[in-house]
Structure formats: structure tokens, C-alpha cells
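All residue numbers in this chain count up from 1 along the given sequence.
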Amino acid sequence: MDFGLIARVLAMRRTLRARERWTRGQLEAHQAARLRALRAHAYQRSPFYRDFHGRVQDRPLAELPILTKAALMEHFDELVTDRAIRLADVEAHLGEMRGDARFAGRYRVVSTS
């Protein structure tokens, strides 16, 4: 039995249970902070997003350009934030994937139409 995993799950449960009592303002502030962190991560690590959003990086999400699936697939290697990931490797992984095998031992990969 993985007691470390159980301890982490219980700690996360405690954190999440405390959030159940947040006010609307607290929730919105948390969401805004997490969104800022997510966008900063993408802009720092993805050349595609730095260029695609260009001068509108600080604009609300609704004002950002729309990313189509075609554009995503065309620029996949520049879009991902882990610079070691390449589309050809992900596609090969999908082709030989068995069960719940993770790509590069770390990532879950799904394919959509």
C-alpha cells in the first residue's frame, strides 16, 4: 500500500474541502490567479503561444484569437510547453499504446476527431 499517496490524497481533500466555503469573490480571485499562472507558463514555454497571442497576451480570454484544430496540428511541435515532445513521437505512441501507458512515462495522450 502506498501510504505516501494516501497522505497526499488526504491533504488535497482537506485543501479542497476548505474551498467549499469560499465566497464568490474568493473563488473568482483564485480562478484569476490560476489563469494568470497558466498563461504565464504557456507564454514562457511555448514559442507558438508567444507569437500567436503576440501583443494581446494580457487581454481577456474572449478577446484572444481562436486556435483551430488545424492550426494546432500544424504547429504542434512549437505549441507544446515541454520542448522534448514531438508530434511524430506522440502519434507513434498512440499507434502502439496498450492499456493506460503514458507517453514518455509522464503524459496521458488521447486522440479526438
Can you give each donor-acceptor pair under 3.5 Å made by side-chain atoms of residues 3-19, sequence neighbours left out, with the distance rounded to 0.1 Å?
| residue | atom | partner | partner atom | Å |
| --- | --- | --- | --- | --- |
| R8 | NH1 | G4 | O | 3.4 |
| T15 | OG1 | A11 | O | 3.2 |
| R17 | NE | E20 | OE1 | 3.3 |

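- Judged as a salt bridge (charged side-chain N to carboxylate O under 4.0 Å, His left out), not a single pair has a partner in residues 83-96 (not counting sequence neighbours).
- Note that OG1 of T81 is 3.5 Å distant from NE2 of H41, once rounded to the nearest 0.5 Å.
- Contact detail for A71 and L67: the closest heavy-atom pair is CB-CD1, 3.8 Å.
- Residues L38 and L61 are members of separate hydrophobic clusters, defined by side-chain heavy-atom contacts under 4.5 angstrom among Ile, Leu, Val, Met, Phe, Trp and Tyr.
- Y43 pairs by the ring-ring contact (aromatic ring centres under 6.0 Å, His included) definition with H53, not counting sequence neighbours.
- With sequence neighbours excluded, no residue forms a side chain to side chain donor-acceptor pair (under 3.5 Å) with R55.
- The shortest distance between side-chain heavy atoms of I85 and F103 falls below 4.5 Å.
- Residues meeting the side-chain contact (heavy atoms from CB on, under 4.5 Å) test with E78, sequence neighbours left out: F48, H75.
- Within a 6.0 Å sphere centred on CG of D2, other residues, nucleotides and ligands contribute more than 12 heavy atoms.
- In this structure, the separation between CG on L79 and CG on D51 is 11.0 Å, given to the nearest 0.5 Å.
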Item to complete: Given side chain to side chain contact (heavy atoms under 4.5 Å, CB included), test F52 with L64 step by step and report yes or no.
Response: CA-CA 9 Å; F52 188 64; L64 296 177; over 6 Å; no
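- A pairwise comparison of heavy atoms in R50 and Q57 identifies O-NE2, 3.4 Å as the closest pair.
- At least one side-chain heavy atom of L87 sits under 4.5 Å from a side-chain heavy atom of M73.
- In this view, D82 and Y107 satisfy the side chain to side chain donor-acceptor pair (under 3.5 Å) rule, not counting sequence neighbours.
- For the side-chain contact (heavy atoms from CB on, under 4.5 Å) test, residues two or more places apart in sequence or in another chain that qualify with A101 are H93, M97.
- Remark: R39 pairs with no residue by the salt bridge (charged side-chain N to carboxylate O under 4.0 Å, His left out) rule, at least two apart or across chains.
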What side-chain donor-acceptor pairs closer than 3.5 Å can you find for residues 25-36, not counting sequence neighbours?
| residue | atom | partner | partner atom | Å |
| --- | --- | --- | --- | --- |
| Q26 | OE1 | T23 | N | 2.7 |
| Q26 | OE1 | T23 | OG1 | 3.4 |
| E28 | OE2 | R24 | NE | 3.1 |

